[in-house]
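Data first, discussion second: the structure below is written as structure tokens.
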Amino acid sequence: MSFNLTAARYGKDKVRVFRVVKNGNWHEVVEYNVCTLLEGDIETSFTKADNTVVVATDSIKNITYYLAKTSPHILHPERFALHLGSHIVGKYAHIHKATVSIEQLRWHRIAINGQDHTHSFYRDGDDKRTTEVEVDATAGKDNMVAKVTSGIADLLVIKTTGSAFENFVRDEYTTLAEVTDRIFSTSVDLRYSFIPKTLDPNNLGNFDYDKVASAARAITLEIFATDESASVQATLYKMAERLLAEHGDVEHVAYTLPNKHYLAVDMKYIGIDNLTPSAAEVFCPVAAPSGLISATVSRK
Ligand SMILES: O=c1[nH]c(=O)c2[nH]c(=O)[nH]c2[nH]1
């Protein structure tokens with residue numbers, strides 16, 4: 001019997017980087033979790049125990065820290081990922097592709113009496129800004145191309161009204177009641193990709209990824225809060241439509257939204273109505289199962 005290696009990549013995951021940029025006493029900070037995976041002429045490392053083609057994952061970690069120190073792009077995750085990916089692909093002749101994924105953790109500047117503090121920050125949310133950048137030199141080191149997919153992970157939201165779910169299929173399997181008013185909670189996972197013409201890894205300053213990132217978060221929160229939701233599906237679509245409509249550089253928008261159920265507690269045991277929607281005030285958040293609604297919206 002003979003076999004083929006049909007796909008292979010390797011690298012370093014969860015490289016934790018905290019970087020301070022000091023302009024006098026005015027400090028900027030970022031914290032990233034970086035994953036860098038390489039592809040290329042590395043088959044023999046799998047099939048023939050040939051480590052001569054292996055750039056050690058420890059070295060990949062060291063390159064990440066080297067560029068965290070020296071890259072002018074460090075404060076901008078997409079640009080830093082493009083720099084890191086193109087640096088590695090440019091340096092090693094036999095490495096043709098690098099995929100750099102970054103999660104940015106939130107550090108928000110503390111304000112004292114309305115005045116931004118110069119060097120103190122707090123964690124103002126567990127959501128992460130994400131980016132996945134693929135730098136591809138398959139067509140030659142002078143013809144590198146890149147794909148950038150950015151997004152949001154773990155943005156936990158809840159609304160206590162303005163959400164209904166009616167007119168769904170009713171048959172012998174249906175136990176769910178139609179509701180005109182319910183809690184809607186989800187943990188937003190968003191990914192949006194950019195139209196490729198903006199993605200030259202050698203011209204990293206040419207696009208304002210940060211602007212799209214803050215708009216994506218603001219749009220997601222605004223539509224979630226203000227939509228009279230007919231379903232998770234319908235609200236998801238409105239979020240995606242708005243991001244595409246307002247950002248011509250965005251090509252595809254994909255949301256994955258769990259429907260995190262909150263069940264009104266039945267208090268008939270003590271003679272209290274907590275079940276009719278207008279009386280429902282005490283809920284049990286249910287960790288599992290949850291609904292899971294996912295869609296990609298693109299331009300026609
Ligand atoms: O917004 C919803 N979409 C569904 O598909 C669904 N299914 C369900 O049981 N509750 C909900 N809510």
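In listed order, ligands and their atoms are each counted from 1. Note that these values count all heavy atoms, side chains included, but never hydrogens, waters or copies made by symmetry.
Listed by atom number, the atoms of ligand 1 under 4.0 Å from S231 heavy atoms are 1 (O). Of all the atoms in ligand 1, the ones that sit under 4.0 Å from a non-hydrogen atom of V232 are 1 (O), 2 (C). Ligand-side atoms of ligand 1 in range of L176: 8 (C), 9 (O), 10 (N), range being under 4.0 angstrom from any heavy atom.
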_Show, in sequence, the C-alpha distance, side-chain angles and deciding distance for F194 and E251, and conclude whether the side chain to side chain contact (heavy atoms under 4.5 Å, CB included) test is met._
CA-CA 5 Å; F194 293 93; E251 191 176 28; over 6 Å; no
*asked:* Let's go through E132 and V100 carefully: what are the C-alpha distance in whole Å and the side-chain angles of both, what is the deciding distance for side chain to side chain contact (heavy atoms under 4.5 Å, CB included) to 0.1 Å, and is it a yes or a no?
replied: CA-CA 6 Å; E132 183 180 303; V100 180; over 6 Å; no
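Under the rule for a salt bridge (Lys or Arg N to Asp or Glu O under 4.0 Å), D136 has no partner lying at least two apart in sequence or in another chain.
Polar contact check, R182 against ligand 1: a nitrogen or oxygen pair lies under 3.5 Å apart.
Between E166 and ligand 1 there is no heavy-atom distance shorter than 4.0 Å.
Ring pair F165/F168 is parallel by interplanar angle, where below 30° counts as parallel and above 60° as perpendicular.
Residues K268 and D273 are not paired through a salt bridge, judged by the lack of any N-O separation under 4.0 Å between the basic side chain and the carboxylate.
Centroid-to-centroid, the aromatic rings of H73 and F80 stay 6.0 Å apart or farther.
Q233 NE2, 2.9 Å is the protein heavy atom nearest to atom 5 (O) of ligand 1.
With distances taken over non-hydrogen atoms, the option nearest atom 4 (C) of ligand 1 out of F184, F168, F165 is F165.
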